[in-house]
Q: 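One structure follows; several queries about it will come next.
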Amino acid sequence: MRAIIDFKGKQYPVLNIWWNEDGSIANLSFDDENGDLQTIFNHNYDLENMVSWEEC
């Protein structure tokens with residue numbers, strides 16, 4: 001499985017996910033359209049509703 005994030009209307013493969021003790025996503029990182037690494041945090045975004053999973 002791989003994670004895909006829908007961020008600002010575009011989809012990006014998630015590179016890393018950090019998990020909270022309760023199993024929710026704490027933060028994650030991905031490369032944006034410019035190739036810049038972005039790390040976003042659950043307290044700023046509703047990550048569970050922004051991430052989808054697909055089989056590789």
Side-chain angles (χ1 to χ4, degrees):
M1 299 288 283
R2 72 177 187 160
I4 304 293
I5 185 163
D6 186 3
F7 186 72
K8 296 185 179 179
K10 296 183 181 178
Q11 293 186 333
Y12 305 96
V14 174
L15 302 173
N16 295 298
I17 297 177
W18 290 268
W19 302 94
N20 289 314
E21 289 182 13
D22 66 1
S24 63
I25 299 173
N27 59 66
L28 55 79
S29 62
F30 61 94
D31 288 332
D32 67 13
E33 68 271 4
N34 298 319
D36 297 325
L37 183 65
Q38 300 292 323
T39 300
I40 59 175
F41 297 86
N42 202 24
H43 64 268
N44 295 328
Y45 297 95
D46 183 10
L47 297 180
E48 277 76 17
N49 288 317
M50 295 172 69
V51 173
S52 59
W53 298 89
E54 63 181 37
E55 290 190 37
C56 298

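Quantities reported herein were computed from a predicted structural model and do not represent experimental measurements. Excluded from the calculations below are hydrogen atoms, water molecules and symmetry mates; all remaining heavy atoms, backbone and side chain alike, are included.
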Q: Mind checking side-chain hydrogen bond (donor to acceptor under 3.5 Å, both in side chains) for S29 and listing every partner two or more places apart, or none if nothing turns up?
A: N16
Q: Counting N and O atoms only, with roles assigned by atom type, does the side chain of D22 sit under 3.5 Å from a partner on the main chain of S24, one being a donor and the other an acceptor?
A: yes
Q: Can you name the residues that form a salt bridge (Lys or Arg N to Asp or Glu O under 4.0 Å) with E48, not counting sequence neighbours?
A: none
Q: Would you confirm whether D32, through its side chain, and G35, through its main-chain N or O, come within 3.5 Å as a donor-acceptor pair?
A: yes
Q: Out of curiosity, Q38 CD to K8 NZ, how far, rounded to the nearest 0.5 Å?
A: 7.5 Å
Q: What's in the same ILVMFWY side-chain cluster as L15, cut-off under 4.5 Å, chained through other members?
A: L37
Q: Go through the structure and list residues passing side-chain hydrogen bond (donor to acceptor under 3.5 Å, both in side chains) with N42, not counting sequence neighbours.
A: none
Q: Under the 4.5 Å side-chain heavy-atom rule for ILVMFWY, direct or indirect, which residues accompany I5?
A: M1, F7, Y12, V14, I17, W19, I25, L28, F30, I40, Y45, L47, M50, V51, W53
Q: What residues, two or more places apart in sequence or in another chain, satisfy side-chain hydrogen bond (donor to acceptor under 3.5 Å, both in side chains) together with Q11?
A: none
